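Report on the structure given below.
In this text the structure is predicted, and so the values were computed from the model without any measurement.
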Amino acid sequence: MTARRRRGREDRGPLASIALHATLLLAVGVALFPVVWLILTSLKPRDGWLSTELQLFNDSSLDNYARVLGGTQFPLWLLNSALVAALTTVLGVFLAATTGYAVSRFRFPGLRSVMWLLLVTQMFPVAVLIVPLYNLMAALGLLNQIPGLVIAYMTIAVPFCAWMMKSYFDTVPRELDQAAMVDGLTPFGAFWRVILPLARPGIAVTAFFCFMTAWGEVGYATIFMSQENKRTLGVGLQQFVGQHWSDWGLMTASAVLIAIPAGAVFLLVQRHLITGLTAGATKS
């Protein structure tokens, strides 16, 4: 395989190599341009984005960040979002892992129905589910409550993650479960102490998906969190855009601040992302 790959590189002509590298550089530029534009705009004065002059670093300052953190409710929105995302991630990982392990290892009445239920729940868009979920949350008194929003987010994350965790657990030999139970562990003990540590790549992907579901969602948060002190980041940023005006300084600075936790979570789990996403593609 290595010799074939080297031979392919040697057979490639100079023009082909130049075209390939130029295409890759162009793709990188296209991917990075929105990020660079966002950061530069966040460092410009309040109306600096209206300027037609190409001034990348002139008049750059952190005034927009100071306005966001000191003159708005952004810290409260950040706290609410962090709490919702943390609860969604912890509960979502636990439910997805236990559900995926159960449908992977056990045969029980209704197994096929459970599998179909997990699959069917992913077919409905958010717009279709908002009304029944709103009525359910209102009946249970969970409107403007963080637990209600967490439950709504888990309806999105858990079905998909349970399917993904099942595919990952299918690649773990059943003999490990049997050996653990021979040593005196219960089925849950075998799952918790033996199988779960081996499933860290799948858990990393599940945690990342659950976190991003809660961190960047707007539709559920807008409907279920109408009180000002309960708003999350997705809802709060709408205050910077009016019918006839937009404060792009606040918007871009907030967007950069919001991207920092998401980037940090990605860096924490990026070692396991490819392994976890491809684990269920083939069985060992």
Name every donor-acceptor pair, under 3.5 Å, that has one atom in a side chain of residues 191-199 and the other anywhere in the protein, sequence neighbours excluded.
none

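Using a distance-only test at 3.5 Å, with no hydrogens or angles considered, no donor-acceptor pair links the side chain of T99 to the main chain of A96. For T155 (side chain) and A152 (main-chain N/O), a donor-acceptor pair under 3.5 Å exists by modelled atom type. Between the side chain of D177 and the main chain of A190, no donor-acceptor pair closer than 3.5 Å is present.
Under the side chain to side chain contact (heavy atoms under 4.5 Å, CB included) criterion, P147 pairs with Q145, sequence neighbours left out. Here A102 pairs with F106 under the side chain to side chain contact (heavy atoms under 4.5 Å, CB included) rule; sequence neighbours left out. For V131, the side chain to side chain contact (heavy atoms under 4.5 Å, CB included) criterion is met by N135, not counting sequence neighbours. Residues passing the side chain to side chain contact (heavy atoms under 4.5 Å, CB included) test with S226 are N144, sequence neighbours excluded.
Under the 4.5 angstrom side-chain criterion for Ile, Leu, Val, Met, Phe, Trp and Tyr, the cluster partners of L26 are V30.
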Might you work through the side-chain contact (heavy atoms from CB on, under 4.5 Å) test for T72 and R67, ending with a clear yes or no?
-> CA-CA 7 Å; T72 69; R67 290 168 56 208; 5.9 Å; no
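Minimum heavy-atom separation, A262 to M212: CB-SD, 4.0 Å.
Taking a cutoff of 4.0 Å between a charged side-chain nitrogen and a carboxylate oxygen, K166 and D170 qualify as a salt bridge.
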